[in-house]
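Note sheet for the following structure.
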Amino acid sequence: MRERPFSVLWLQSGGCGGCTMSLLCAESPDLMTLLETAGIRLLWHPSLSEETGAEAVGLFERILAGEEPLDVLCVEGSLLRGPNGTGRFHVLAGTGRPTIDWVRDLAAAAGTVVAVGTCAAYGGITAGGENIADACGLQYEGTRRGGALDGAFRARGGLPVVNVAGCPTHPNWVTETLMLLAENALAAEDLDVYQRPRFYADHLVHHGCPRNEYYEYKASAEKPSDLGCLMEHMGCLGTQAHADCNTRLWNGEGSCTRGGYACINCTAPDFEEPGHAFQQTPKFAGIPIGLPTDMPKAWFVALASLAKAATPERVRRNAAADRIVVAPTVRPTRKG
């Protein structure tokens with residue numbers, strides 16, 4: 001039994017705030033009920049707390065002085081190092097100090113540091129293009145270790161930065177990570193190669209996708225709104241993306257592919273710079289360059305050819321339509 005509530009401080013840096021918006025959609029129970037039930041105390045959040053200005057800064061200073069224990073520092077949004085390494089593109093209001101400096105100091109005082117969202121984890125959208133702001137993640141720059149904190153950084157509890165990646169994150173990825181940390185039940189071996197919690201990152205978006213019958217027969221959508229598989233022509237990376245979006249639905253019923261949008265692999269480093277339009281599938285000799293995880297190219301080509309040859313007329317016609325145009329055959333029930 002803990003002697004005090006498990007304390008969490010949440011800071012926002014270079015990003016859109018979308019992970020907070022997603023977090024507020026937590027259901028059954030809602031966010032505040034969940035935190036209270038789990039014995040988690042949210043010390044401060046820039047969008048949810050009443051304290052502002054000097055009150056918030058006073059809290060940060062008490063933490064740094066060792067007067068207020070900090071179990072988890074959550075950072076949402078990338079860290080801005082520009083211009084010229086000064087960090088002054090993002091100064092924490094009322095302090096005159098760059099936010100990145102506050103994050104580094106508070107990270108040293110925290111039991112665990114959690115990067116909430118792909119921007120905080122790897123740089124994300126904020127680091128795309130020319131990256132004039134010199135944005136980076138907490139412990140990564142894309143796939144390279146480094147970032148705002150040293151690549152060798154370990155928090156007081158012994159863990160590297162826990163990267164709850166996603167753009168945005170599913171609310172349950174965040175709350176389950178916090179609950180595991182509160183119970184001292186998240187270890188280094190529970191993180192994958194990019195330091196994402198494996199409880200969601202050991203899955204693929206492909207798992208549970210309602211378009212899987214079309215995928216099996218390589219019956220592909222040809223344009224937006226078609227029902228077919230989005231991999232061959234529409235840029236879907238669900239067979240490569242590490243997340244459980246189609247088995248842990250959003251808002252109780254949705255996911256990108258269920259809404260007709262290709263998975264863009266937003267939990268991965270460098271997803272923001274695929275080198276082509278998100279809803280286009282790059283190919284070589286007619287074969288998608290990005291193949292399903294763990295599948296050799298020769299196997300994919302052979303299986304795809306066989307699958308297309310065996311495609312039922314129902315599946316083929318429905319794949320290129322925006323609604324079911326051919327229903328499954330109803331077979332008489334046998335008696336006796």
Side-chain angles (χ1 to χ4, degrees), residues 12-19 21-22 75-85 87 89-90 100 103 115-149 151 160-170 173 191-196 200-201 204-206 224 230-243 245 255-257 259-284 287-295 297:
Q12 286 183 317
S13 188
C16 66
C19 291
M21 295 298 292
S22 177
V75 179
E76 176 183 2
S78 65
L79 285 304
L80 308 186
R81 295 174 295 192
N84 302 318
F89 276 145
H90 187 196
I100 193 170
V103 168
V116 181
T118 301
C119 286
Y122 312 120
I125 292 291
T126 318
E130 297 181 12
N131 194 10
I132 297 172
D134 198 13
C136 63
L138 280 167
Q139 202 165 19
Y140 278 85
E141 294 185 56
T143 58
R144 302 185 307 277
R145 290 180 66 83
L149 305 176
V161 175
V162 178
N163 291 325
V164 185
C167 190
T169 51
H170 191 292
W173 300 344
L191 306 178
D192 77 353
V193 65
Y194 287 123
Q195 297 171 201
R196 299 170 293 197
Y200 81 91
L204 294 174
V205 172
H206 181 65
L230 300 168
M231 173 194 168
E232 186 176 12
H233 304 306
M234 305 299 294
C236 187
L237 299 174
T239 57
Q240 305 163 54
H242 288 257
C245 300
S255 73
C256 291
T257 58
Y261 297 93
C263 169
I264 60 175
N265 198 10
C266 73
T267 62
D270 292 334
F271 90 94
E272 70 277 4
E273 297 281 8
H276 56 85
F278 281 124
Q279 292 198 313
Q280 292 179 2
T281 301
K283 302 175 186 177
F284 180 76
I287 302 169
I289 293 174
L291 295 179
T293 299
D294 302 329
M295 178 171 282
K297 183 177 292 186

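These numbers were taken from a predicted model, which means no experiment stands behind them. Atom set for the values below is all heavy atoms of this structure, side chains included, hydrogens, waters and symmetry mates excluded.
- Looking only at distances, a side-chain donor or acceptor of E76 sits under 3.5 Å from a matching main-chain atom of C19.
- Around atom CE of M295, more than 12 heavy atoms belonging to other residues, nucleotides or ligands sit under 6.0 Å away.
- Side-chain N or O atoms of R196 include none that pairs as donor or acceptor with a backbone N or O of V164 at under 3.5 Å.
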List the steps, then state whether side-chain contact (heavy atoms from CB on, under 4.5 Å) holds for M234 with Q280.
CA-CA 5 Å; M234 305 299 294; Q280 292 179 2; over 6 Å; no
I264 vs L237, side-chain contact (heavy atoms from CB on, under 4.5 Å): CA-CA, chis, key distance, verdict: CA-CA 6 Å; I264 60 175; L237 299 174; 5.5 Å; no
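- Enclosure of atom NZ in K297 is not indicated, since only 12 or fewer non-hydrogen atoms of other residues, nucleotides or ligands lie within 6.0 angstrom.
- Interatomic distance, CD1 of I289 versus NE2 of H276, reported as 8.0 Å (0.5 Å rounding).
- Looking at T293, its side chain does come within 3.5 Å of a backbone N or O of T239 through a donor-acceptor pair.
- Checked by atom type and distance alone, the side chain of Q195 pairs as donor or acceptor with a backbone atom of V161 at under 3.5 Å.
- From Q139, atom CD reaches atom OH of Y122 across 10.5 Å, with rounding to the nearest 0.5 Å.
- In terms of heavy-atom proximity, T257 sits nearest to C236 at CG2-SG, 4.0 Å.
- Aromatic ring pairs are classed by plane angle as parallel below 30°, tilted from 30° to 60° and perpendicular above 60°; the pair Y140 and Y194 is perpendicular.
- Within a 6.0 Å radius of CD in Q279, other residues, nucleotides and ligands contribute more than 12 heavy atoms.
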If you apply the rule side-chain contact (heavy atoms from CB on, under 4.5 Å), what do you find for N163 with D192, and how did you get there? CA-CA 10 Å; N163 291 325; D192 77 353; over 6 Å; no
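- The heavy-atom pair separating C263 from A241 by the smallest distance is SG-CB, 3.5 Å.
- Across all non-hydrogen atoms, the minimal contact from T267 to Y200 is CG2-CE1, 4.3 Å.
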- Criterion side-chain contact (heavy atoms from CB on, under 4.5 Å) on S13 and I100, from CA distance to verdict: CA-CA 8 Å; S13 188; I100 193 170; over 6 Å; no
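- Between the CD1 atom of I132 and the CG atom of L80 there is a distance of 12.0 Å, given to the nearest 0.5 Å.
- Here the side chains of F271 and I125 are in contact, with some heavy-atom distance below 4.5 Å.
- Between T281 and E232, the closest heavy-atom pair is CB-O, 3.3 Å.
- Partner of C119 under the side chain to side chain contact (heavy atoms under 4.5 Å, CB included) criterion, out of V75, L79, T126: T126 alone.
- Here the side chains of M231 and H206 are not in contact, with every heavy-atom distance at 4.5 Å or above.
- Within the 3.5 Å criterion, the main-chain N or O of P269 finds no donor-acceptor partner in the side chain of T143.
- Between the side chain of T118 and the main chain of G124, no donor-acceptor pair closer than 3.5 Å is present.
- Taking each heavy atom of Q240 and H242 in turn, the nearest pair found is O-CD2, 3.4 Å.
- Here the CZ-SG distance, from R81 to C136, works out to 3.5 Å after rounding to the nearest 0.5 Å.
- Within a 6.0 Å sphere centred on CZ of F89, other residues, nucleotides and ligands contribute more than 12 heavy atoms.
- Of all the heavy atoms in C256 and A262, the pair that sits closest is CB-O, 4.5 Å.
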